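Note sheet for the following structure.
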Amino acid sequence: MFRESNIGAICYYVNDINQTEAFYRDVLGLDVDRMEDEGSDWLLAKTANGVELLFFEQESRPGNSPIIVFELPDGGIDDAVTALAEKGVTIVTPVSHAPGGWSAEFADPDNHQISMYQPGDVPRKIN
């Protein structure tokens, strides 16, 4: 199902968005953009190979961060969630709004969270 998908992003939950911004910008030397969605700030940094690092201020604790995000550039997130659920996969977060599109999370057998994201301008259902 994800064989043709790129890892588009790695999402981190961080306790202090300002401290995180300073670290990745000033210490690691990444270009970090401060973004806003629905009144809350988040950070975006791109690596040389195009993988995006996303940082959201939320309780950070071992096991909930980072999250690998599979990109669904052609859409079909509703179909992907349905197919995973039919295979017995635990859906952690149903399809919900994400900056610029839609996301959903599911768990692997060890309960590691994996996410998928699609842009908002492509169809959520293909099949």
Side-chain angles (χ1 to χ4, degrees):
M1 173 181 305
F2 292 104
R3 184 177 307 170
E4 301 298 321
S5 294
N6 290 323
I7 293 179
I10 300 174
C11 176
Y12 292 86
Y13 296 129
V14 300
N15 292 314
D16 185 324
I17 201 83
N18 296 318
Q19 183 178 24
T20 299
E21 181 178 23
F23 176 80
Y24 282 87
R25 182 192 61 227
D26 302 337
V27 177
L28 298 185
L30 293 175
D31 290 328
V32 179
D33 294 317
R34 189 172 281 254
M35 313 297 279
E36 185 179 334
D37 186 60
E38 297 185 8
S40 63
D41 288 352
W42 56 282
L43 305 174
L44 168 66
K46 290 188 179 180
T47 63
N49 65 347
V51 174
E52 296 177 339
L53 304 178
L54 308 175
F55 302 92
F56 297 94
E57 192 168 64
Q58 178 175 315
E59 180 188 359
S60 175
R61 63 185 189 284
N64 78 340
S65 186
I67 298 171
I68 296 171
V69 181
F70 284 97
E71 182 179 10
L72 304 174
D74 299 326
I77 195 167
D78 288 340
D79 300 328
V81 168
T82 298
L84 289 168
E86 288 173 351
K87 292 180 179 183
V89 174
T90 300
I91 305 303
V92 176
T93 306
V95 176
S96 56
H97 173 75
W102 301 95
S103 69
E105 286 76 39
F106 57 96
D108 75 3
D110 292 308
N111 211 28
H112 297 292
Q113 192 169 325
I114 300 169
S115 183
M116 62 187 105
Y117 171 85
Q118 77 161 62
D121 62 350
V122 294
R124 288 178 44 178
K125 280 183 113 17
I126 297 174
N127 296 325

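Please read these numbers as outputs of a predicted model, since none were measured by experiment. Residue numbers run from 1 in the order of the sequence given.
Of all heavy-atom pairs spanning Leu72 and Ala80, the tightest one is CD1-CB, 4.5 Å. Shown here for Val122 and Pro73, the closest heavy-atom pair between the two residues is CG1-O, 3.6 Å.
Residues Val81 and Met116 are in side-chain contact: their nearest non-hydrogen atoms beyond the backbone lie under 4.5 Å apart. You'll find the side chain of Arg25 stays beyond 4.5 Å of the side chain of Leu30, heavy atoms only. The closest side-chain heavy-atom distance from Thr20 to Leu43 is below 4.5 Å.
The line from CG of Asn15 to CD of Glu59 is 7.0 Å long, rounded to the nearest 0.5 Å. Between the CG atom in Asp31 and the OG1 atom in Thr47 there is a gap of 11.5 Å [rounded to 0.5 Å]. Of the inter-residue distances, the one linking Gln113 atom CD with Ile67 atom CD1 reads 4.0 Å to the nearest 0.5 angstrom. Ser103 OG to Ile77 CD1: the interatomic distance, rounded to the nearest 0.5 Å, is 6.0 Å. Atom CG in Asp74 sits 10.5 Å away from atom CD in Glu4 (nearest 0.5 Å). Rounding to the nearest 0.5 angstrom, the gap separating the CD atom in Glu52 from the CD1 atom in Ile10 is 11.0 Å.
The main-chain N or O of Pro99 is found under 3.5 Å from a side-chain atom of Tyr117 such that the two form a donor-acceptor pair. At least one donor-acceptor pair closer than 3.5 Å links the side chain of Asp79 to the backbone N or O of Ile126. Looking only at distances, a side-chain donor or acceptor of Asp16 sits under 3.5 Å from a matching main-chain atom of Asn18. Side-chain N or O atoms of Gln118 include one that pairs as donor or acceptor with a backbone N or O of Gly76 at under 3.5 Å.
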Exercise. Might you work through the side chain to side chain contact (heavy atoms under 4.5 Å, CB included) test for Ile91 and Leu84, ending with a clear yes or no?
Key: CA-CA 8 Å; Ile91 305 303; Leu84 289 168; 4.2 Å; yes

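In the displayed structure, Ile17 atom CD1 is contacted under 6.0 Å by more than 12 heavy atoms of other residues, nucleotides or ligands.
Ser115 and Glu105 share a side-chain donor-acceptor pair at under 3.5 Å.
By the rule that hydrophobic residues join a cluster once side-chain heavy atoms approach within less than 4.5 Å of another member, Val69 and Ile7 end up as members of separate clusters. Met35 and Val32 end up in different hydrophobic clusters when Ile, Leu, Val, Met, Phe, Trp and Tyr side chains are linked at under 4.5 Å. No chain of hydrophobic side-chain contacts below 4.5 Å, direct or via other Ile, Leu, Val, Met, Phe, Trp or Tyr residues, connects Val95 to Leu54.
A salt bridge links Asp78 with Arg124: the closest approach of a Lys/Arg side-chain nitrogen to an acidic carboxylate oxygen falls below 4.0 angstrom.
Ring-plane geometry between Phe56 and Trp42 is classed as parallel, the angle between the planes falling under 30 degrees on a 0 to 90 degree scale with a further cut at 60.
Ring centers of Phe55 and Tyr13: at least 6.0 Å apart, outside the cut-off.
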